Every structure is written in C-alpha cells, then in structure tokens.
2 protein chains.
Amino acid sequence: MAGNEHFRQLLKSGNLKSTKHRNAILEALEKNDVPLTAEELYLHLKEDGVSISLSTVYRILETLVERNLAARFNLPDENKAVYELKHDQHRHHLLCVKCRKLLPVDGCPLEAYEKLLEDRFGFTVKGHQLEVFGYCADCSEKRDSK
Amino acid sequence: MAGNEHFRQLLKSGNLKSTKHRNAILEALEKNDVPLTAEELYLHLKEDGVSISLSTVYRILETLVERNLAARFNLPDENKAVYELKHDQHRHHLLCVKCRKLLPVDGCPLEAYEKLLEDRFGFTVKGHQLEVFGYCADCSEKRDSK
DNA sequence: ATGCAAATGCGAATGATTCTTAATAATATT
DNA sequence: AATATTATTAAGAATCATTCGCATTTGCAT
C-alpha cells in the first residue's frame with residue numbers, strides 16, 4: 001500500500017474517485033515502466049490477486065487518458081493499443097523488432113523540428129508520437145555473430 | 001490505364017504478379033497521397049467501378065507492406081491501421097486533431113538522434129514512426145479568432 | 001450512518017482484421 | 001494461341017480488440 005496516497009492525489013488531480021481498481025492499475029503501470037496493453041494489465045492484476053473485469057480495465061484506461069494522466073498509442077505491427085503513465089520527462093521507446101522488448105528513453109529530439117513546422121505550415125503543434133524500432137543490443141549481437 | 005506499366009514494374013520488383021486489384025490499389029494510394037484505411041480503399045475502388053472483396057484489400061496491403069512497397073501505421077486515437085505507398089523521400093504527417101486532415105511533409109529530423117541512440121544504447125535502428133498532431137492552419141485561425 | 005453519484009461486473013454488441021476453402025486468373029511454356 | 005502451373009481472389013466465417021447497456025456495488029460528502 002506504499003504509494004496509495006500518491007495515487008489518491010493523482011486521481012484527485014483529475015477529479016476521479018480513488019478506487020481499488022484505479023489504484024491497482026496506476027500501480028501496475030508505474031511498476032512496469034513500459035507501455036502495456038489492456039489485457040496485459042488485466043493479467044497482471046489477476047496475478048496480484050486483484051479481481052477485475054476486462055471492460056473495467058478499458059474504462060479506467062480511457063478515463064486516465066481523458067484526464068491526461070496516461071497516454072495511449074500503438075506500437076508498430078500491433079493491432080492493439082498500449083498505455084503508459086505520463087512521465088515528468090517526455091519520453092520515447094526503442095522497440096526491438098526481434099524480441100519485442102521495449103526500452104524507454106527520456107528526452108526528445110523534436111523541439112526544433114516542431115518550430116519549423118509551425119513556421120513553414122502554420123500548423124500549431126500540440127504533440128507527437130515517435131517510436132523507434134530496430135534491434136536491441138542483445139539481438140544485434142546475435143545477428144552480428146551469425 | 002496511364003500508370004499501369006509503372007505499377008507492373010513496381011510489383012515485379014517485389015516478385016508479385018500484376019493483377020487488376022493490385023494495380024487498382026496502388027493507383028488509389030498514389031492518387032490520394034495520404035494514408036488510407038483498408039475500408040477507405042475498398043470504397044474508393046468500388047466508386048471507380050472496381051469490384052473487390054474487403055479481405056482482398058487487406059491481403060494485398062499486407063503483401064505490399066511485406067515487400068516493402070507500402071507502409072502500415074496507426075494515427076493517434078484510431079483503432080484501425082492506415083497504409084501509404086513508400087515514397088522516394090522519407091516523409092511524415094501533420095494530423096489536425098480538429099478536422100482530421102492529414103498533411104504530408106517530406107524530410108525527417110531524426111538522423112542525428114538515431115546515431116545517438118545507436119551509440120548510447122547499442123541499439124541498431126531500422127526505422128521509426130513519427131506523427132505530429134495539432135491544429136492545421138485553417139483550424140488554428142478559427143481558434144484564434146474565437 | 002445515509003444517500004447519491006460515480007464506478008464496476010458481466011455479457012452482449014460492434015468493428016477491424018485474419019482465415020478457410022473453392023473458384024479464378026496470371027504467367028511461363030509449348 | 002492453348003495449356004499447365006501456381007498465385008490470387010471471393011465470400012463469408014472466425015477471431016481478436018474494444019465498447020456498450022444495464023443492473024449492482026462502492027466511494028465519499030453530509
């Protein structure tokens with residue numbers, strides 16, 4: 001129950017009641033530190049002894065995204081969405097196309113580019129989505145030595 | 001039938017037979033110049049008098065992506081995939097979150113960043129996916145004047 | 001403690017995508 | 001130009017992710 005109070009605050013900041021399920025989902029997202037699908041979250045909670053309905057998982061995630069506490073996006077070649085907590089530091093991910101591992105990377109290279117887009121196209125940038133994919137260190141090694 | 005020979009070449013380059021349906025899909029993708037969903041393509045073809053099955057559209061798109069003639073990705077807040085032809089110039093898109101228009105932008109700001117990732121994480125970058133979203137010139141104006 | 005609004009469970013409904021199988025069409029060969 | 005070979009397509013069923021509807025339960029202000 002360590003971070004419970006922390007999550008309660010977070011939820012209050014979005015005008016949301018603090019419930020067992022919401023706390024559990026926030027905790028799972030924080031603990032894992034990589035984007036997860038609704039079903040992965042559902043299974044993690046189950047393992048932790050939290051009984052929950054899959055549709056509730058979806059509903060909670062939708063709410064968190066709505067209140068800007070979480071982000072939803074898609075990884076390449078997947079037809080399901082993943083979710084992660086909004087971090088202080090804006091971040092992206094490296095996706096290994098071989099082992100499908102995800103490596104979070106803090107920081108972002110796009111500030112200058114977005115200014116350029118605003119100047120050149122009169123487009124008001126509100127955000128972006130960037131995923132980089134390739135071979136992680138482990139899988140690169142194996143490929144090299146082959 | 002203007003570009004037929006052009007598409008035939010393209011398909012041959014991927015070891016694919018040139019068929020009415022594949023040509024029609026390539027033509028629709030080229031003509032529209034923005035990413036389209038499988039269903040949008042299906043409807044466009046229908047309007048052009050090309051009778052095709054939706055599952056064939058999916059299968060052809062999958063094949064084109066496999067052979068690296070097209071790219072598949074997801075736009076924010078959509079749970080369906082869109083497809084576009086691979087262009088000579090690597091490109092990204094500006095998505096207007098208000099009117100949902102898509103504006104293609106040639107060029108890419110990520111070369112330096114990818115080198116940095118390779119150095120810092122030993123990650124071998126094969127590609128990336130970047131979509132920028134915000135308000136297009138038209139929709140920005142309306143917001144300003146409000 | 002009580003009541004009301006918000007949250008949840010459960011299963012059905014929807015929407016996108018993939019699969020299966022029989023029929024058809026595109027190419028290489030004659 | 002006809003044929004054999006093999007890839008491609010149609011049609012709809014099946015699957016998977018996600019959303020919805022409604023009855024029940026829970027959190028929280030009073």
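Lettering follows sequence order; numbering is per chain, from 1. Nothing here was measured: the structure is a model prediction, and the numbers come from that model.
- Summarising the geometry of A:H92 relative to A:P109, their closest heavy-atom pair is CD2-CD, 4.4 Å, with the distance given to 0.1 Å.
- Proximity of the aromatic rings of A:H128 and B:H93 is defined here by a centroid distance below 6.0 angstrom, and this criterion is not met.
- Rounding to whole angstrom units, CG of residue A:L75 and P of D:dA17 are separated by 14 Å.
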Can you check salt bridge (charged side-chain N to carboxylate O under 4.0 Å, His left out) on A:E39 and A:K46, steps first, answer last?
CA-CA 10 Å; A:E39 191 170 26; A:K46 218 167 204 174; over 6 Å; no
Which letters describe nucleotides 21-30 of chain C, given B = protein heavy atom under 4.0 Å from base, S = only from sugar-phosphate, - = neither?
-----BS---
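- Axis angle across the helix from C:dA1-D:dT30 to C:dT30-D:dA1, with five pairs used at each end and values rounded to 10°: 40°.
- Atom-to-atom, CG of B:L41 to C1' of D:dT9 comes out at 17 Å; the value is rounded to the nearest Å.
- A:N15 has its CG atom 14 Å from the C1' atom of D:dG27, to the nearest Å.
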Do B:K115 and B:E118 pass the salt bridge (charged side-chain N to carboxylate O under 4.0 Å, His left out) test, and can you show the C-alpha distance, the side-chain angles, and the key distance before you say yes or no?
CA-CA 5 Å; B:K115 280 211 185 58; B:E118 304 215 344; over 6 Å; no
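- Between D:dT26 and A:H21, no contact under 4.0 Å exists linking OP1 or OP2 to a side-chain N or O.
- Within a 6.0 Å radius of NZ in B:K86, other residues, nucleotides and ligands contribute more than 12 heavy atoms.
- A:S51 comes within 4.0 angstrom of the backbone, heavy atoms only, and of no base.
- Ion pairing of B:R59 with B:E62 is absent here, as no side-chain N (NZ or NE/NH1/NH2) approaches a carboxylate O to less than 4.0 Å.
- Contact check on A:R100 versus A:E78 returns a salt bridge, with a Lys/Arg side-chain nitrogen under 4.0 Å from an Asp/Glu carboxylate oxygen.
- Of the inter-residue distances, the one linking A:L130 atom CG with A:F73 atom CZ reads 10.5 Å to the nearest 0.5 angstrom.
- Within 4.0 Å of B:R59, counting heavy atoms only, lies at least one base atom of the nucleic acid.
- Between B:E131 atom CD and B:N74 atom CG the span is 9.5 Å, to the nearest 0.5 Å.
- The A:K80 side chain lies nearest to D:dA17 when the options are D:dA17, C:dG9, D:dA11.
- The nucleotide whose nearest atom lies closest to any side-chain atom of A:N79 is, among C:dT17, D:dT9, D:dG12, C:dT17.
- If you take CD of A:E78 and P of D:dA17, they are 10 Å apart, rounded to a whole angstrom.
- Distance from the side chain of A:S55 is smallest to C:dG11 among C:dG11, D:dA10, C:dA7.
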Can B:L103 and B:V34 be said to form a side-chain contact (heavy atoms from CB on, under 4.5 Å), step by step?
CA-CA 8 Å; B:L103 178 62; B:V34 288; over 6 Å; no
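- Residues A:I52 and B:T56 both approach DNA chain C. Their nearest nucleotides, taken by heavy-atom distance, put A:I52 toward the 5′ side.
- Listed nucleotides: D:dA10, C:dG9, C:dA16. Nearest to the side chain of B:E39: C:dA16.
- If you take CG of A:L54 and C1' of D:dT15, they are 15 Å apart, rounded to a whole angstrom.
- The side chain of B:Y58 contributes no N or O atom lying less than 4.0 Å from OP1 or OP2 of C:dT18.
- Between B:R67 atom CZ and D:dA7 atom C1' there is a gap of 11 Å when expressed in whole angstrom units.
- Between the C1' atom of D:dT8 and the CG atom of B:N23 lies a distance of 13 Å, rounded to the nearest Å.
- Atom CZ of A:R22 is separated from atom P of C:dA6 by 11 Å (rounded to the nearest Å).
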